[in-house]
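Values reported hereafter were calculated over all heavy atoms of this structure, with side chains retained and with hydrogens, waters and symmetry mates removed.
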Amino acid sequence: MISHVAATLGPVCGRLTVSADASGPVVGGTILAANHTSLVDPVIVVAALRRLGVEPVIMATAGLWRVPVLGGALAREGHIPVHRGTARAASSLADAARALEAGRCVLMYGEGGIPDRRDSGEAAPLPFRSGLARLALATGAPVRPVGQAGSRRVSSGTTAKQLAGVLTAPFRRPRLHVHVGAPLFLPAGLPEATAAAHGAVTSAWHTALSGLAAPCGI
């Protein structure tokens with residue numbers, strides 16, 4: 001349901017295009033690491049991944065599970081709530097490891113949140129937290145970086161501006177682009193692995209940013 005809804009809403013948000021590295025399709029048991037710039041990112045990224053035949057398990061803030069209807073759908077489909085800053089935070093990585101072992105792809109955001117700024121411009125990914133690297137090193141799973149650009153043109157700024165942006169996006173039709181990079185295995189060592197993941201996602205973001213100027217892909 002979540003992927004289907006995202007696939008429906010994604011194109012409504014704007015002119016969505018998708019590209020992927022020529023290394024081959026996304027295989028099960030892969031961590032999909034995306035940059036995070038807006039509250040609508042998951043809709044756009046999941047819509048793009050569905051075009052590539054991927055319906056990931058999503059790691060998202062636990063507060064979404066309290067939203068009527070949405071929370072029930074997230075729970076039924078096995079998506080993973082992240083309880084940041086609590087004793088339950090580590091359990092989300094264990095749940096993600098089990099999903100990878102079962103052959104699912106897991107979508108996560110290494111930054112752990114969206115940037116604290118009000119403009120609608122693009123900026124490189126913020127520094128990553130250690131969770132993504134810890135998951136990859138613990139499971140041996142490959143990481144595919146996912147760069148997205150344009151979502152802040154849909155929703156950014158104050159709460160009122162975000163709502164206005166979402167409501168007017170179907171008429172403004174901003175350009176949105178998602179790029180899936182080549183798979184990589186992170187190096188040993190938590191700082192090194194975190195830096196490698198951040199660098200790969202930043203590179204994928206640069207490619208997505210270029211896609212805004214010259215839309216291409218699927």
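- Two residues are said to be in side-chain contact when any heavy atoms from C-beta on lie closer than 4.5 Å; Leu135 and Leu100 meet this criterion.
- The nearest pair of heavy atoms linking Ala97 to Thr139 is CB-CG2, 3.7 Å.
- Taking all atoms of both residues into account, the shortest heavy-atom contact from Ala47 to Leu16 is CB-CD2, 4.0 Å.
- From Arg98, atom CZ reaches atom CD1 of Ile80 across 8.5 Å, with rounding to the nearest 0.5 Å.
- A donor-acceptor pair is defined here as one N or O able to donate and one able to accept, closer than 3.5 Å; such a pair exists between the side chain of Ser38 and the backbone of Ser155.
- For the pair Arg144/Ser23, a side-chain contact is recorded, criterion being any heavy-atom separation below 4.5 Å from C-beta on.
- Of the possible donor and acceptor atoms, one in the side chain of Arg152 sits under 3.5 Å from a partner among the backbone N and O of Asp119.
- A donor-acceptor contact under 3.5 angstrom links the side chains of Gln148 and Thr37, judged on distance only.
- Taking OG1 of Thr202 as the reference point, atom CG of Asn35 lies at 8.0 Å (rounded to 0.5 Å).
- Between the Glu111 side chain and the Leu126 main chain, a donor and an acceptor come within less than 3.5 Å of each other.
- The minimum heavy-atom distance linking Cys105 with Val27 is given by the pair SG-O, 3.2 Å.
- The 12-atom threshold is not exceeded at CZ of Arg118, counting heavy atoms of other residues, nucleotides or ligands nearer than 6.0 Å.
- Ala133 and Ala193 make their closest contact through CB-CB, 3.7 Å (heavy atoms, listed as atom of the first residue, atom of the second, distance).
- Between the Arg175 side chain and the Arg15 main chain, no donor and acceptor come within less than 3.5 Å of each other.
- Pairs passing the ring-ring contact (aromatic ring centres under 6.0 Å, His included) check and including a residue from residues 113-158, sequence neighbours excluded, read Phe128-His198.
- At distances below 3.5 Å, at least one donor-acceptor pair connects side-chain atoms of His79 with backbone N or O atoms of Ile58.
- The shortest distance between side-chain heavy atoms of Lys161 and Ser156 does not fall below 4.5 Å.
- Looking only at distances, no side-chain donor or acceptor of Thr194 sits under 3.5 Å from a matching main-chain atom of Pro191.
- The heavy-atom pair separating Pro115 from His36 by the smallest distance is CD-O, 3.4 Å.
- Taking a cutoff of 4.0 Å between a charged side-chain nitrogen and a carboxylate oxygen, Glu55 and Arg50 qualify as a salt bridge.
- Residue Ser151 holds its OG atom at 3.5 Å from CG of Asp41, rounded to the nearest 0.5 Å.
- Here the CG atom belonging to Leu176 is positioned 8.5 Å from the CZ atom belonging to Arg153, to the nearest 0.5 angstrom.
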Stepwise side-chain contact (heavy atoms from CB on, under 4.5 Å) check, Val166 with Val40: CA-CA 9 Å; Val166 170; Val40 300; 4.2 Å; yes
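- Looking at Thr168, its side chain does come within 3.5 Å of a backbone N or O of Ala164 through a donor-acceptor pair.
- Contact of the Ser203 side chain with the Pro145 side chain is not registered, since no non-hydrogen atoms from C-beta on lie closer than 4.5 Å.
- Arg129 contributes no side-chain N or O that, together with a main-chain N or O of Gly110, makes up a donor-acceptor pair within less than 3.5 Å.
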Residue pair Leu52, Val18: steps toward the side-chain contact (heavy atoms from CB on, under 4.5 Å) verdict: CA-CA 9 Å; Leu52 299 175; Val18 186; 4.2 Å; yes
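- For the atom pair Met108 CE and Ser92 OG, the distance stands at 7.5 Å (nearest 0.5 Å).
- Proximity of a side-chain donor or acceptor of Glu122 to a complementary backbone N or O of Ala149 within less than 3.5 Å is not detected.
- Across Gly150 and Leu212, no two heavy atoms sit closer than the pair N-CD1, 4.0 Å.
- Counting heavy atoms from C-beta on, the side chains of Val201 and Val146 never come closer than 4.5 Å.
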Working for side-chain contact (heavy atoms from CB on, under 4.5 Å), residues Thr30 and Val143: CA-CA 6 Å; Thr30 295; Val143 174; over 6 Å; no
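- The environment of CD in Glu101 is sparse: at most 12 heavy-atom neighbours from other residues, nucleotides or ligands sit within 6.0 Å.
- Considering only heavy atoms from C-beta on, Pro142 stays 4.5 Å or farther from Leu186 through its side chain.
- For the pair Val43/Val154, no side-chain contact is recorded, criterion being any heavy-atom separation below 4.5 Å from C-beta on.
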Residue pair Leu93, Arg134: steps toward the side-chain contact (heavy atoms from CB on, under 4.5 Å) verdict: CA-CA 8 Å; Leu93 292 182; Arg134 285 189 283 136; 3.4 Å; yes
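- Between Ile114 and Leu39, the closest side-chain pair of non-hydrogen atoms falls below 4.5 Å.
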